[in-house]
There are 2 protein chains.
Amino acid sequence: MAEGAQILIVDDEPQIRRFLRISLEANGYCIHEAATGHDAILKTAQLRPDLIILDMGLPDSDGLDVVRRLREWTKTPVIILSVRDSDQDKVDALDAGADDYLTKPFSMDELMARIRTAQRHAQPQQEEIVFTSGRLKVDLSRRVVTINGEPVKLTRTEYALLRLLIQHAGKVLTHQQILREVWGPEYIHETHYLRVYFAQLRQKIEENPALPEIIITEPGVGYRLVRV
Amino acid sequence: MAEGAQILIVDDEPQIRRFLRISLEANGYCIHEAATGHDAILKTAQLRPDLIILDMGLPDSDGLDVVRRLREWTKTPVIILSVRDSDQDKVDALDAGADDYLTKPFSMDELMARIRTAQRHAQPQQEEIVFTSGRLKVDLSRRVVTINGEPVKLTRTEYALLRLLIQHAGKVLTHQQILREVWGPEYIHETHYLRVYFAQLRQKIEENPALPEIIITEPGVGYRLVRV
DNA sequence: GGGATGTATCAAAAAAACATCAAAAAAAAC
DNA sequence: GTTTTTTTTGATGTTTTTTTGATACATCCC
């Protein structure tokens, strides 16, 4: 998340944009630029950046207005840069919905730290991703598999296999696809592995492994996980 | 939410606490006070304030340590007040987990605006200070571990390991994740450390270390703390 | 029906991963 | 500056998982 985060720089002076771009890209961020308030709102809607660095002195509109306009529909963190150091300016910007306010000239280190802080704030609580098919339940965020609520212990490879099937639930995965994804490209001819591992997996998650209901064999092609 | 929000003021100078109290109470906040770092952590656990205003210059401990200690178990917003204006101080404080940093002397209006901003960022969530799993109890605010009520002494690393597992209770943590968080990114290949330390930890908290019930090994993947 | 191909299952051998003990080195406490 | 605690390193035995091999079953096509 922190690596490669998208940042939109909004400033009318090209040399400041360039300076920020170089510094931030050196720290692994992915940079977009906008020169006007209008452009900032447009690009935010278009690119959905993870963070916005907004200069207050824009030619076409007041920085405050830009923040207010943005806050009408997005909570993307906004860090204000401004030459104005008065209390009132800071209060107005923060109350308009900005997340932080830095006075020029500012230290790049401090900006970087405040970007990290803003990103922490933006993090939504991670929702749990659970796949369900009949009696089978797979909590992908916890790496926990249950059958009728009973926890099932899977080995690393068994779990990798199941997860791959879940990611393509309903679709047929060919032998080669499975072998390449789970074991690696050099294993694509080891079809015997599939026999052994699907048997093991079925033993653990199917009610009657001889009449599988969750993992279906497509003879001559591959395997498929039934989506319920 | 904003009205009547509880704020904990941490400063060793009574006159500053008094000044802040009067100003903030005039704005409808409910104020609590602490004079030391130790007291700050205690009162935070006790009173569960909505926000903490923390002076960096405390007599008993470094302000940074206080922030780090707090961040071990709570996300309550922390606004730092400090006489020190260097970049490094700001970066350190923010990276330790502080939400904002104001240099003394500061404007009351700005502080007020930054309090409002911090409150917007606050995610309302009931954090558990005491984690329980079977016979194990861990008071995260006091760093006290007990098993059947009996205090258990853990080394710094053992505790860091246990705390990491608790923060992700129920989830599988991979070897790399654990090594990176506890020892640092340069240790991600030292899987042997995990063997040694998990053995030690189990020796101390498991009834029968050979048949662990709290810390489960997921072979080839990592470890998981069972949530009861 | 009968061979050919593809599949399922069981069980062993081999490999990898893990637990544990203990000594050496480093760090912390006194 | 010495003692104590903690961390790091090394060696050894155990468990778990993966790989390999053997065998049986099913289905398709001739």
Side-chain angles (χ1 to χ4, degrees), chain A residues 143 145 151-165 172-184 186-225, chain B residues 65 143 145 151-165 172-179 181-184 186-225:
Chain A
R143 200 198 176 274
V145 180
V152 177
K153 214 182 140 201
L154 298 185
T155 72
R156 179 185 26 189
T157 309
E158 286 163 4
Y159 183 80
L161 206 54
L162 182 58
R163 202 187 46 186
L164 182 70
L165 290 174
V172 179
L173 281 161
T174 66
H175 299 145
Q176 283 80 31
Q177 275 181 297
I178 299 169
L179 287 163
R180 180 154 29 81
E181 288 291 324
V182 175
W183 280 271
E186 62 271 31
Y187 286 78
I188 49 166
H189 297 113
E190 305 281 354
T191 47
H192 188 48
Y193 281 19
L194 297 177
R195 313 266 147 73
V196 174
Y197 271 89
F198 274 102
Q200 286 178 11
L201 200 49
R202 280 170 173 158
Q203 209 62 242
K204 290 185 179 179
I205 67 170
E206 293 280 1
E207 200 152 31
N208 181 0
L211 275 87
E213 291 176 331
I214 300 168
I215 297 172
I216 305 299
T217 303
E218 302 281 354
V221 187
Y223 294 85
R224 179 169 57 88
L225 189 117
Chain B
D65 280 335
R143 285 182 173 164
V145 181
V152 177
K153 210 183 145 200
L154 298 185
T155 72
R156 183 217 311 258
T157 309
E158 286 163 3
Y159 182 79
L161 206 53
L162 183 57
R163 187 169 59 76
L164 182 69
L165 290 174
V172 176
L173 282 162
T174 65
H175 299 144
Q176 283 83 32
Q177 277 181 296
I178 300 169
L179 288 163
E181 289 289 325
V182 175
W183 280 272
E186 62 271 31
Y187 286 78
I188 50 166
H189 296 113
E190 304 283 353
T191 47
H192 189 50
Y193 281 20
L194 298 177
R195 314 261 151 74
V196 175
Y197 271 89
F198 274 102
Q200 287 177 11
L201 200 49
R202 280 171 173 159
Q203 211 61 243
K204 292 184 179 180
I205 67 170
E206 294 279 0
E207 200 152 31
N208 180 359
L211 276 89
E213 291 176 331
I214 300 169
I215 298 171
I216 304 298
T217 303
E218 303 277 355
V221 186
Y223 294 84
R224 183 165 55 85
L225 189 118

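So that the names make sense, note that chain A is the first sequence line, chain B the second, and so on, each numbered from 1. All values derive from a computational prediction rather than experimental measurement. FYI, side chains are in, hydrogens and waters are out, and symmetry mates aren't considered; it's all heavy atoms of this structure.
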Who passes salt bridge (charged side-chain N to carboxylate O under 4.0 Å, His left out) against E207(B), sequence neighbours left out?
-> R135(B)
Whether each nucleotide of nucleotides 6-16 of chain D has a protein heavy atom under 4.0 Å at its base (B), only at its sugar-phosphate (S) or at neither (-) is summarised, 5' to 3', as SSBBBB----S
Please list, chain by chain and in numerical order, all residues satisfying salt bridge (charged side-chain N to carboxylate O under 4.0 Å, His left out) with R224(A), sequence neighbours excluded.
-> E218(A)
Sequence neighbours excluded, which residues qualify as side chain to side chain donor-acceptor pair (under 3.5 Å) partners of R143(B)?
-> E72(B)
Residues that T174(B) engages under side chain to side chain donor-acceptor pair (under 3.5 Å), provided they are two or more places apart | Q177(B)
How would you list, by chain and number, every residue that makes a salt bridge (charged side-chain N to carboxylate O under 4.0 Å, His left out) with K153(A), sequence neighbours excluded?
-> none
Partners of Y159(B) by ring pair (Phe, Tyr, Trp, His ring centres under 6.0 Å), sequence neighbours excluded?
-> none
By salt bridge (charged side-chain N to carboxylate O under 4.0 Å, His left out), which residues pair with E206(B), not counting sequence neighbours?
-> none
Under the side chain to side chain donor-acceptor pair (under 3.5 Å) test, which residues partner E213(A), sequence neighbours left out?
-> none
Residues two or more places apart in sequence or in another chain: which of them pass side chain to side chain donor-acceptor pair (under 3.5 Å) with R202(A)?
-> T217(A)
Nucleotide interval of DNA chain C bounded by contacts with chain B (heavy-atom cut-off, under 4.0 Å) | dA17(C) to dA28(C)
What heavy-atom pair brings L154(B) and V145(B) nearest, and what distance separates the two atoms?
-> CD1-CG2, 3.8 Å
Under 4.0 Å between any heavy atoms, over every strand shown, what does T191(B) touch: base, sugar-phosphate, or nothing? Just pick one.
-> nothing
So what's the dot-bracket for DNA chain C: Watson-Crick or G-U pairs under 3.5 Å, [ ] if a pair crosses, | if it pairs off-strand?
-> ||||||||||||||||||||||||||||||
